[in-house]
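The residues of the chain are indexed from 1 along the displayed sequence. Hydrogens, waters and symmetry mates play no part in the numbers below; they use all other heavy atoms, side chains included.
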Amino acid sequence: MSRVVEEAFQEAGIQAEKSLEEIVWEQYEDILFVSKSIGTAVACAYAGKHRISCRNIYYTPLEQTFDYDPRPGIVFHGTKDSWARTEKIAAMCGERGLLLHTFEDAGHSLEVQGDLRRSLGILEDVMKQTQAYLEDEICYRRLEEEEICRKLFDRFIRRQNVTRCRRREKDEWVIRDDPFVDDWTEEDYRFLTVCLKNTVAAGGFVYGAFYQESLKGFVSVEAEMFGGEHKYLDLSSIHVSEDMRGRGIGRALFRAACMWARQKGAAKLYISAHSAVETQAFYQAMGCVEAQMYHQEHVEREPCDCQLEYRLE
């Protein structure tokens, strides 16, 4: 950032902290931040600092916005925005699974210089796309024991095409070719529903992402602490339906799990993670590292999994 932009960012951040300091974010199941320009960077930095699981509408974000790990959302950008290069914005939105709308010849205020008619048309389009995003939203909420059944997963697609896997061999991490299709059988679904119901009944956490009233992602954390001084809670599952991957659902679910585990007094989340390179990339992006203490039951059940942990700070 330039010195002027950096100063404006710092000042806006201070004002955001003061304005929002009395809000108890854990009380809300669905949070939406709406921001523009430098405010998009402030929104991302604030959500990251306070570990808020939220959706976002980003109007004309700066390139620097993406330095603050933006949450899921929709992005509006003009190709003649002097504060952000289109190729950079497109690349970063693609990398983070953000839905991008671009407008040819539009500047930082999404106006076309000297063309009022086109500028008004862009404004109308932006409002329509914003409304569509709000009405076609992904909703997040906790699952109750009585609603967890096989029917809940009728529109959930577990399928994952795996080509390469990350494995630990002779005390070194290596990447190996290991192509296969990972999917669940009916027996797997029945076993899953039993496990999730047991998690809720035991006081654990099961949290779902719903799109058009169908479950499209979920995460579970067990209630029992283990690992002595490590104070682990087990993130026992996190999955996103194949048709909804790349939209930030996994990140939102992971952060919700972290928030719940932190409230329960845990120091770390423990994850026995699928070894597919795509899955491992997700956990690495979230900040997970190799577990300091291996949970033997997990190792024996899934010897090819990567045993990871995430520190709850």
Side-chain angles (χ1 to χ4, degrees), residues 1-77 83-84 89 92-93 96-99 108-110 126-127 129-131 133-142 205 207-210 219 221 247-267 269 285-287 310-313:
M1 292 185 184
S2 68
R3 184 178 62 82
V4 173
V5 173
E6 176 66 28
E7 290 177 354
F9 170 77
Q10 296 296 338
E11 179 59 30
I14 292 171
Q15 293 301 317
E17 292 287 348
K18 290 181 179 178
S19 298
L20 304 175
E21 63 182 354
E22 295 184 3
I23 296 179
V24 181
W25 297 104
E26 293 81 1
Q27 294 180 350
Y28 300 93
E29 294 183 352
D30 190 18
I31 300 170
L32 173 69
F33 284 175
V34 180
S35 55
K36 186 183 187 306
S37 187
I38 197 169
T40 61
V42 174
C44 290
Y46 182 90
K49 177 181 177 181
H50 296 278
R51 297 181 179 274
I52 299 171
S53 178
C54 61
R55 298 179 297 125
N56 285 267
I57 299 175
Y58 301 107
Y59 294 119
T60 62
L62 309 182
E63 291 181 17
Q64 292 84 352
T65 295
F66 296 85
D67 295 336
Y68 298 96
D69 190 21
R71 270 46 179 175
I74 187 171
V75 175
F76 296 92
H77 166 77
W83 291 95
I89 294 295
M92 291 187 290
C93 285
R96 291 164 173 80
L98 297 171
L99 182 61
H108 190 60
S109 296
L110 295 177
V126 168
M127 292 299 98
Q129 295 294 344
T130 298
Q131 182 177 3
Y133 175 74
L134 293 174
E135 293 177 350
D136 203 24
E137 66 186 25
I138 299 168
C139 298
Y140 297 88
R141 63 174 176 83
R142 290 189 70 163
F205 180 70
Y207 192 71
F210 290 82
V219 64
V221 183
R247 298 183 59 172
I249 294 175
R251 287 174 175 264
L253 293 173
F254 188 88
R255 292 191 176 101
C258 291
M259 184 178 294
W260 183 85
R262 191 179 299 110
Q263 291 171 350
K264 292 296 179 180
L269 280 178
M286 298 307 297
Y310 178 81
R311 184 178 295 276
L312 301 165
E313 298 176 344

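When the shell of 6.0 Å around NZ of K36 is examined, it contains more than 12 heavy atoms from other residues, nucleotides or ligands.
Every side-chain hydrogen bond (donor to acceptor under 3.5 Å, both in side chains) that R51 has, sequence neighbours left out, goes to Y310. Taking Y207 as the reference, nothing meets the side-chain hydrogen bond (donor to acceptor under 3.5 Å, both in side chains) condition, with sequence neighbours excluded. Legend: residues meeting salt bridge (charged side-chain N to carboxylate O under 4.0 Å, His left out) with R311, ordered by chain and number and at least two apart, are absent. In this view, Y59 and F76 satisfy the ring-ring contact (aromatic ring centres under 6.0 Å, His included) rule, not counting sequence neighbours. In terms of the side chain to side chain contact (heavy atoms under 4.5 Å, CB included) criterion, residue partners of V4 (sequence neighbours excluded) are, by chain and number, S2. Under the side chain to side chain contact (heavy atoms under 4.5 Å, CB included) criterion, A267 pairs with K231, sequence neighbours left out. Residues meeting the salt bridge (charged side-chain N to carboxylate O under 4.0 Å, His left out) test with E63, sequence neighbours left out: R85. Applying the side chain to side chain contact (heavy atoms under 4.5 Å, CB included) criterion to T40, with sequence neighbours excluded, gives S35, Y58, P61, T65. Considering only residues two or more places apart in sequence or on other chains, A47 meets the side chain to side chain contact (heavy atoms under 4.5 Å, CB included) condition with F33, I52, C54, R71. Every residue meeting the salt bridge (charged side-chain N to carboxylate O under 4.0 Å, His left out) condition with K49, not counting sequence neighbours, appears here in chain and number order: E17. A search for salt bridge (charged side-chain N to carboxylate O under 4.0 Å, His left out) contacts involving E26 returns nothing, not counting sequence neighbours.
Under the 3.5 Å distance criterion, with hydrogens and angles disregarded, a donor-acceptor pair is assigned to the side chains of H108 and S37.
In this structure, the side chains of W83 and T60 stay at 4.5 Å or more apart for every pair of heavy atoms.
For the side chain to side chain donor-acceptor pair (under 3.5 Å) condition, the pairs that include at least one residue of residues 254-263, sequence neighbours left out, are D69-R255.
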